[in-house]
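To start, the structure under review is shown below, and the notes come after it.
Side chains included, hydrogens not; waters and symmetry mates left out as well; all remaining heavy atoms used. Both counts, for ligands and for their atoms, begin at 1 and track the order of listing.
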Amino acid sequence: MNFRTAPRALAAATTALLALGGVAACSDDGAAGADPQRVDVVAAFYPLQFVAERVGGDAAAVSNLVKPGAEPHDLELNPRQVGQVTEAELVVYLKGFQPAVDEAVAQNAADRSFDVATVQPLLDASAGGHAHEGEEAGHADEAGAKDPHLWLDPTRLAAVADRLAERFGQADPARAADYTARAAALRTDLAKLDAEYTEGLKTCQRREIVVSHTAFGYLAERYKLEQIGLTGLSPEVEPAPQRLAEVAEEAREHGATTIFFETLVSPKVAETIAAEVGARTAVLDPLEGLSADHGDYLSVMRTNLETLRTALSCS
Ligand SMILES: [Zn+2]
Ligand SMILES: [Zn+2]
């Protein structure tokens, strides 16, 4: 447009631009500061980032509070990260998993948060645990505690995606149908993964898995495995010598050929037990974060399945 046109023509053009305002707000051409066309989402750790990205698609800008390769349980937030939580349009977190995030959300984003722990009741800390007759599964100090590692059951992650799509739709009603459709597409992928697990772990010579921290309760519960953990629900607690002796005894008793360790935690303890009972070690990734060279939730879960099938001699 030539701005030296007559005043009347200029006025008409201005009116036309104003009329276009509503359309421009939905277009992709961006603006100053945070992208006003996209929902600004902060995820508390990797699996929640994965779900938010899949459901949000190009309508969401998703960031993760945890750096790649870092263990999220004991995350501390610096002022910049607290600022991220404060400024987000939506914070996706799991209450009870990261105390620092729980606190930041309560203080700064209570009305803009989505707690995935509310989607379905959480399992008890002892779920999927291994116990002999007359014994308690799990650790005495976790009596009454809930297990936060729900993303290791793909069907639960699908339920989280559906509810997150509803939440996106409330924040951004114009695109509600898109969020629903993307959650449905993710559900299809997760159902396929679930079917592969059910089939792949149907017939195995052993069902006990010896792991570092007890992150695999949901996986064990869903696919009828039994988890024997060196430490409890959190990876940073050093196991007591007595616990090491118990786990070594269990591993021997059940003929375990593999002691699992994690990508984001030192393999030292797993190696000690493996050496003692003559087993090998392998990575079983609890997907609390991605290490640098890994793919995504779906590909790491498939790698885990192959690792389990080998370790448990599944046919
Ligand atoms: Zn964990
Ligand atoms: Zn046993």
Problem - Shared hydrophobic cluster, Val62 / Phe97 (ILVMFWY, side-chain heavy atoms < 4.5 Å) - result: yes

Handout entry: With the Zn ion (ligand 2) as the apex, the NE2/OE1 angle for His130 and Glu250 - to 10°
Key = 100°

Problem - Donor-acceptor contact below 3.5 Å, side chain Arg309 vs main chain Leu201 - result: no

Problem - Atom of Glu288 closest to the Zn ion (ligand 1), considering N, O or S atoms - result: OE2

Practice task
Would you kindly say whether Tyr179 and Asp172 are connected by a side-chain donor-acceptor distance under 3.5 Å?
Solution key: yes

Practice task
Report, rounded to 10°, the angle at the Zn ion (ligand 2) between the two atoms NE2 (His254) and NE2 (His132).
Solution key: 140°

Practice task
Nearest 10° is fine: what angle sits at the Zn ion (ligand 1) between NE2 from His149 and NE2 from His73?
Solution key: 110°

Handout entry: pair Val300-Leu290: side-chain heavy atoms closer than 4.5 Å
Key = yes

